[in-house]
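Here is the naming used below: chain letters follow the sequence lines, and residue numbers restart at 1 for every chain. The structure displayed is predicted, hence computed values, not measured ones.
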Protein chains: 2
Amino acid sequence: MKALVIGRDAQVDLSDVPAPSRAGECLVRVTVAGICGTDLHMVRGYAAQTGVFGHEFVGVVEETPPEQADWRGRRVVGEINVGCGHCAWCDAGEKEHCPDRTVLGIKQRDGAFAELLMLPIANLHEVPPAVEDEAAVFTEPIAAACRILEQVAVGPDTTVAVIGDGRMGLLTAQVLRSTGARPLVIGRHQEKLAVARQLGLDAMEHTARAGPFDVVVDVSGRAEGLTLALELVRPRGTVVLKSTFHGATPLETWPIVVDEVSVIGSRCGPFAPALDLLTRGAVQTEPLIAGEYSLNEHRQAFDAAKTHLKVLFRM
Amino acid sequence: MKALVIGRDAQVDLSDVPAPSRAGECLVRVTVAGICGTDLHMVRGYAAQTGVFGHEFVGVVEETPPEQADWRGRRVVGEINVGCGHCAWCDAGEKEHCPDRTVLGIKQRDGAFAELLMLPIANLHEVPPAVEDEAAVFTEPIAAACRILEQVAVGPDTTVAVIGDGRMGLLTAQVLRSTGARPLVIGRHQEKLAVARQLGLDAMEHTARAGPFDVVVDVSGRAEGLTLALELVRPRGTVVLKSTFHGATPLETWPIVVDEVSVIGSRCGPFAPALDLLTRGAVQTEPLIAGEYSLNEHRQAFDAAKTHLKVLFRM
């Protein structure tokens, strides 16, 4: 099958590779896949993975173990972490932190920039008919935003800022808005802030002259995001770190102590509420789509993803 | 009266200054005062305060407003934050975060390295007869350690590490132990780790080869404390930042995200449980006392405090 393969030197090639094969798992034919910040990180050289990458997808189940034959032909999205199945984390249902986990397209498991991928049935979620492929492919990042609501109380009376006007910023702000809160998106790109406003979100240029906020979510993917978040959060407020930034960042930690701020890391989240938000139209994805490419056009696709919002591969 | 005054250049002088005078507050004659890390910070030039400094004390109430006359002659310790009394923070009983607060010996309020100080009656706590002056003077830092128990669930089944073998480290570890937990003190000074062991605490030299722990408290006062804490904490665990470090610290923030760690700032705490721990003998202070000095001997006292555990001034 055709797949995008990333090498040890972070070189990306469209290759002909064997179809994946994992006993006891389901084979999914990928329909649409999305490029996210983690993929761009990997292309910049922060790849733990060599092999097929990509982890945001929607597809159709093609083969299953015999006892799950009723899933064949279903349209699905998939959770990306696969636990070992027999450690304390897996026993607790928290496979995202299993020390021996594999992660679709990120860690020791071939990914979604391919015609076919494999995942266990437990990772798959059927997509409701009302949600089109081009929206369903956003389920994984929307789920990651939903994770915040499992960690921090957010409601109509919560003042919230989202630092970052990229893909995750605009999804996260919509997820937070679904609670009745009215998040402010703070960004650096006029055209992306315009999309935020098109989505009905409050949006303003990067500045510290706002707030203070009960909750500040940093999805900027930038070294200075956390420092700005600490300037914007109220005493005893919460900063949620959503995007990873690699490299040591100079940080003054004393404001965390003096203002008794909680800084909470937040990673993968639950798919069911994400699909529910998509079904209800509470999260709009169409204005975020910056282009669709074939795997052949991967160079143009990654170039576009560096400066634009969501770039999709159609297989 | 005699008092230690810190100037804009962080120069400390023993001066003859007017006794403090604040309408509606109580005048306390200081018996014993303690030097803490914040005082050493100020002496090193990080003083927001000019004037009389020091904030850990035990004393005797000498004058009060007429309606609080029954407090005269009582032996007291005192909370150090005084709120404006009419903001949302003060209304919520959280004067520690009132933006217009004064702080004894730290912010716009003369402090405890003096014969006399003033605080409102609401800040004073009577010291039980069983608690000697030399123990009672530790109430404020023990209360700060008790703050952790208001923020994080700690009990017999919680694995806990305390990074830092100084004054606050040994008090914090004892407070955490009072929950039934068995904290490990991780430090860099053989003689202080020996005091930890004398207190019945587990103690080991600075290393990352321990853990992972559910809760890691950083009271190291060092730039690298937070990085070590992030190495020691388990996924979804909690790092409590207890000591302030001034200056930008290089920090890799991605482990916070990947492991979904909570980093929680922790400052001042409740006096009642601190006095209870002292009364029950659950926190031992005597092994921490490195020396007693008069205000005249302030240079020797601060020199001793730089390398030893708790140094006291007896007025």
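A:His97 is not listed as a side-chain neighbour of B:Arg234, based on a closest heavy-atom distance of 4.5 Å or more. Within the 4.5 Å cutoff, the side chain of B:Val258 has heavy atoms near those of the A:Arg267 side chain. Using a 4.5 Å heavy-atom cutoff, the side chains of A:Arg236 and B:Glu96 are in contact.
Shown here for A:Ile264 and B:Ser262, the closest heavy-atom pair between the two residues is CG1-OG, 3.7 Å. A:Leu241 and B:Ile256 get closest at one heavy-atom pair: CD1-CG2, 4.0 Å.
Of the atoms belonging to B:Thr227, not a single heavy atom falls under 4.5 Å from chain A. In this structure, no portion of A:Thr238 lies under 4.5 Å from any heavy atom of chain B.
Crowding of A:Trp89 atom CH2: a count of heavy atoms from other residues, nucleotides or ligands under 6.0 Å exceeding 12.
Of the residues considered (B:Leu251, B:Leu226, B:Val239, B:Val240), B:Leu251 shows the highest number of contacts with chain A, using heavy-atom pairs under 4.5 Å. Top candidate by heavy-atom pairs under 4.5 Å with chain A, chosen from B:Cys268, B:Gly247, B:Pro99, is B:Gly247.
Atoms CG and OG1, from A:Asp218 and B:Thr253 in turn, are 8.0 Å apart once rounded to the nearest 0.5 Å.
Without hydrogens or angle criteria, A:Glu260 side chain to B:Ser266 main chain gives no donor-acceptor distance under 3.5 Å.
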